[in-house]
K.L.:
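Starting off with a structure, shown below.
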Amino acid sequence: RVARARLQIAQDGRGGRFSGRQRRFGYREDGTLNPAEAEVIREAAKRFLAGQSWKGLVKFFEESGQRPVLARYWSQVTVRQILLSPSVAGIAVYNGTLRKENQEGRPRELYSDPDGVALRDASGKYIMGNWQPVLTEKQWKELVTESEGRKKGQVKSAKEIGRAHV
């Protein structure tokens, strides 16, 4: 029953279609790519994977001339949400009450578990939305892995490993 409900959510627009409630950074109101914002996301992803810190990425977003969609100014939280959201890779997202983890009182959050909020079909494959991704699934997974590694202290910043910031 829960699997059918998740699939229905993905099919009827609450998960698999671009939601018109609030546009996401990188997209226009109609769900098509905003080329200037999408390029900022792609460049930020490259910089993060090259070792740039979240704080350094905030400065990059500020200097890009692009404004955040909801916030007044760029913050590390806003930049993390943009780069780590499965939707940036075209993957449908759902974190509502139908999730087993939420029913058991162990909700997953985008910030702490970006892969956990991504919708999957019965075989475990991601359910893709009907919008054009800004990043590839591979790039997004690399960002999530890098972020998780940094939280665990397993990955050092570019400054620490002697690489110049991009």
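What you see is a predicted model; the values in this text were computed from it and never measured. Note that the numbering runs from 1 along the sequence shown for the chain.
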K.L.:
Any donor-acceptor pair under 3.5 Å linking the side chain of Gln81 with the backbone of Thr78?
P.N.:
no

K.L.:
Are Leu70 and Ile82 connected into the same hydrophobic cluster when the rule is that any two of I, L, V, M, F, W, Y join if their side-chain heavy atoms are below 4.5 Å apart?
P.N.:
yes

K.L.:
Treating Ser87 as the side-chain partner and Gly90 as the backbone partner, does any N or O pair qualify as donor plus acceptor under 3.5 Å?
P.N.:
no

K.L.:
For Thr145, does its backbone N or O pair with a side-chain atom of Arg150 as donor and acceptor, under 3.5 Å?
P.N.:
no

K.L.:
Taking all non-hydrogen atoms of both residues into account, name the closest pair between Leu83 and Ala45 and its distance.
P.N.:
CD2-N, 4.2 Å

K.L.:
What is the distance from atom CD of Glu137 to atom CE of Met128, rounded to the nearest 0.5 Å?
P.N.:
5.5 Å

K.L.:
I need the Ile91 CD1 to Lys125 NZ distance, nearest 0.5 Å.
P.N.:
13.5 Å

K.L.:
Rounded to the nearest 0.5 Å, what separates atom OG1 in Thr136 from atom CZ in Arg42?
P.N.:
10.0 Å

K.L.:
Using side-chain hydrogen bond (donor to acceptor under 3.5 Å, both in side chains) as the criterion, list what pairs up with Gln132, not counting sequence neighbours.
P.N.:
none

K.L.:
Does some side-chain heavy atom of Tyr27 sit less than 4.5 Å from a side-chain heavy atom of Val134?
P.N.:
yes

K.L.:
Could you check if a side-chain atom of Ser85 sits within less than 4.5 angstrom of a side-chain atom of Trp140, using non-hydrogen atoms only?
P.N.:
no

K.L.:
Using only atom types and a distance under 3.5 Å, with no angle test, would you say the side chain of Ser147 pairs donor to acceptor with the backbone of Leu143?
P.N.:
no

K.L.:
Please round to the nearest 0.5 Å and tell me the distance separating atom CD1 of Ile41 and atom CG of Leu57.
P.N.:
12.0 Å

K.L.:
Would you call Lys59 and Ser53 a side-chain contact if the rule is heavy atoms closer than 4.5 Å?
P.N.:
no

K.L.:
Look at Lys152 together with Glu148 and state whether they make a salt bridge at an N to O cut-off of under 4.0 Å.
P.N.:
no

K.L.:
Determine whether Pro133 and Val88 make a side-chain contact, defined as any pair of heavy atoms from C-beta on separated by less than 4.5 Å.
P.N.:
no

K.L.:
A side-chain contact here means heavy atoms from C-beta on lying under 4.5 Å apart; do Val69 and Arg24 qualify?
P.N.:
no

K.L.:
Are the side chains of Val93 and Leu119 in contact, using a 4.5 Å heavy-atom criterion?
P.N.:
no

K.L.:
Using side-chain heavy atoms (C-beta onward) and a distance below 4.5 Å, is Arg28 in contact with Arg23?
P.N.:
no

K.L.:
Is there a side-chain contact between Phe48 and Glu43 in this structure, where contact means two heavy atoms from C-beta onward sitting under 4.5 Å apart?
P.N.:
no

K.L.:
Ignoring hydrogens and geometry, is there a side-chain-to-backbone donor-acceptor pair from Trp54 to Ser75 under 3.5 Å?
P.N.:
no

K.L.:
Are Trp74 and Phe60 near enough that their ring centres are under 6.0 Å apart?
P.N.:
no

K.L.:
Return the CD to CG distance between Gln66 and Asn34, rounded to the nearest 0.5 Å.
P.N.:
6.5 Å

K.L.:
Give a yes or no answer on whether the side chain of Glu37 reaches the backbone of Gly26 with a donor-acceptor pair at less than 3.5 Å.
P.N.:
yes

